[in-house]
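Take this structure, written in structure tokens, and hold onto it; I'll ask about it next.
Note that the numbering runs from 1 along the sequence shown for the chain. The basis for the numbers below is simple: all heavy atoms, side chains too, and nothing from hydrogens, waters or symmetry mates. For ligands, and for the atoms within them, numbers begin at 1 and follow the listed sequence.
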Amino acid sequence: MPHYKLMYFNLRGRAEIIRYLFAYSGIRYEDHRIEQVDWPKIKPTIPFGKIPILEVDGVTLHQSLAIARYLAKETGLAGQTPLEQALVDAIVDTIDDFMSMFPWGEKNQDVKQQIFNDLLTNTAPGLLRDLDSFLGDNKWLVGKSVTWADFYWDVCSTTLRFLKPGLADNYPKLLALKERVQALPAIAAWIQQRPKTTL
Ligand code: GSH
């Protein structure tokens with residue numbers, strides 16, 4: 001088993017999907033959380049200057065979704081066939097397109113609040129409607145077993161529901177999917193033990 005070292009801030013953020021994959025598959029890893037104040041010193045030492053990164057036996061991977069996809073393939077959570085894998089990737093990218101619209105680093109709080117409100121009020125409903133109809137009456141988003149697309153929905157919607165409590169309340173099937181993910185014993189244990197952060 002390779003030695004895995006994950007580096008990110010002390011947030012769920014873009015690292016949490018990776019932590020879910022480690023938790024679910026029971027793979028040991030170093031969950032290295034850095035302080036914001038130390039970041040300017042660390043940034044120039046990191047290829048591409050962004051986190052999360054995952055060191056795999058000394059090889060540095062960047063891009064959260066590339067890392068997550070690699071782990072999902074290693075652990076059987078990427079989808080059972082190439083077609084399922086493409087569907088999983090498409091759902092993850094669809095959710096990520098939305099998450100990436102938020103100006104997370106905006107310094108002007110008024111501007112930030114205005115854009116966040118607009119996205120949560122006017123853009124989120126279309127995404128939720130589409131995800132709900134994609135899920136239909138199925139247990140999992142793609143195929144007959146859980147994939148990292150289900151994890152990604154849970155991770156991202158937890159943050160979205162922190163930002164706008166009640167978001168997705170009109171979509172009980174999407175909320176039930178969230179509960180199914182969080183009830184997976186290894187995920188439930190991780191949620192219980194993880195550092196409590198707002199984002
Ligand atoms: N698409 C990249 C991913 O998913 O990994 C985005 C990485 C990214 O923007 N990371 C942020 C970061 O490194 C934290 S969420 N911010 C510090 C900086 O840009 O200096």
Side-chain angles (χ1 to χ4, degrees), residues 2 4-25 27 29-75 77-79 85-109 111-113 115-116 119-120 123-124 127 131 141 147-164 167 181 187 190-191 194-199:
Y4 293 111
K5 178 175 176 183
L6 175 66
M7 185 195 289
Y8 194 58
F9 298 118
N10 183 27
L11 299 170
R12 296 188 312 281
R14 288 197 165 273
E16 195 63 10
I17 181 63
I18 298 165
R19 300 191 186 109
Y20 263 44
L21 284 153
F22 278 129
Y24 184 78
S25 52
I27 295 175
Y29 71 109
E30 206 178 321
D31 189 12
H32 183 59
R33 294 171 184 240
I34 63 168
E35 299 297 330
Q36 300 273 356
V37 67
D38 295 327
W39 175 240
K41 253 191 304 164
I42 297 171
K43 184 176 169 82
T45 70
I46 289 180
F48 302 97
K50 300 267 183 198
I51 46 179
I53 53 166
L54 182 70
E55 289 175 21
V56 185
D57 280 343
V59 175
T60 303
L61 298 178
H62 68 293
Q63 287 290 348
S64 58
L65 299 185
I67 297 167
R69 189 173 296 111
Y70 155 72
L71 291 173
K73 285 181 186 161
E74 289 281 306
T75 56
L77 289 162
Q85 290 175 9
L87 286 168
V88 166
D89 287 349
I91 290 296
V92 167
D93 285 350
T94 298
I95 297 172
D96 196 63
D97 280 353
F98 180 61
M99 299 306 287
S100 297
M101 287 180 192
F102 288 83
W104 300 102
E106 174 60 56
K107 298 281 185 297
N108 181 322
Q109 291 306 313
V111 169
K112 184 172 179 177
Q113 197 57 50
I115 301 174
F116 270 54
L119 288 167
L120 292 162
T123 311
L127 172 66
L131 283 174
L141 281 162
T147 68
W148 70 291
D150 302 301
F151 290 177
Y152 204 54
W153 159 245
D154 180 48
V155 164
C156 293
S157 59
T158 294
T159 291
L160 294 173
R161 282 168 63 80
F162 165 75
L163 296 170
K164 186 174 169 64
L167 182 131
V181 170
I187 298 295
W190 168 245
I191 290 171
R194 70 185 171 189
K196 304 291 175 259
T197 60
T198 51
L199 294 176

Task: Short N or O distance, Pro52 and ligand 1, threshold 3.5 Å exclusive - done: no

Task: Closest approach of Leu11 to Arg19 (non-hydrogen atoms, all atoms of both residues) - done: O-NH1, 2.8 Å

Task: Minimal non-hydrogen separation, Ser64 against Arg14, with atom names - done: CB-O, 3.2 Å

TODO: Could you tell me the residue and atom name of the protein heavy atom closest to atom 14 (C) of ligand 1, and the distance to it rounded to 0.1 Å?
DONE: Ile51 O, 3.6 Å

Open item on the list: On a heavy-atom basis, which atom in Thr94 and which in Ala90 lie closest, and how many Å separate them?
Closed with: OG1-O, 2.7 Å

TODO: Looking only at protein heavy atoms, identify the closest one to atom 2 (C) of ligand 1 and say how far it is in Å.
DONE: Gln63 OE1, 3.1 Å

TODO: Check whether any side-chain heavy atom of Leu71 sits under 4.5 Å from a side-chain heavy atom of Tyr29, and report yes or no.
DONE: no

Open item on the list: Counting non-hydrogen protein atoms only, what is the nearest one to atom 5 (O) of ligand 1? Give residue, atom name and distance.
Closed with: Ser64 N, 2.8 Å

Open item on the list: Out of all atoms in ligand 1, which are within 4.0 Å of some heavy atom of Lys43? Include the element for each.
Closed with: 18 (C), 19 (O), 20 (O)

Open item on the list: How far is atom 17 (C) of ligand 1 from the closest protein heavy atom, and which atom is that?
Closed with: Trp39 NE1, 3.3 Å

Task: Under 3.5 Å: N/O of Lys50 near N/O of ligand 1 - done: yes

- [ ] Can you see which heavy atom on Ile17 is nearest to which on Ala68, and at what distance?
- [x] CG1-CB, 4.0 Å

Task: For Ile67 against Pro52, the heavy-atom pair lying closest together - done: CD1-O, 3.9 Å

TODO: Using a strict 4.0 Å cut-off to heavy atoms of Tyr8, name the atoms of ligand 1 that fall inside it.
DONE: 15 (S)

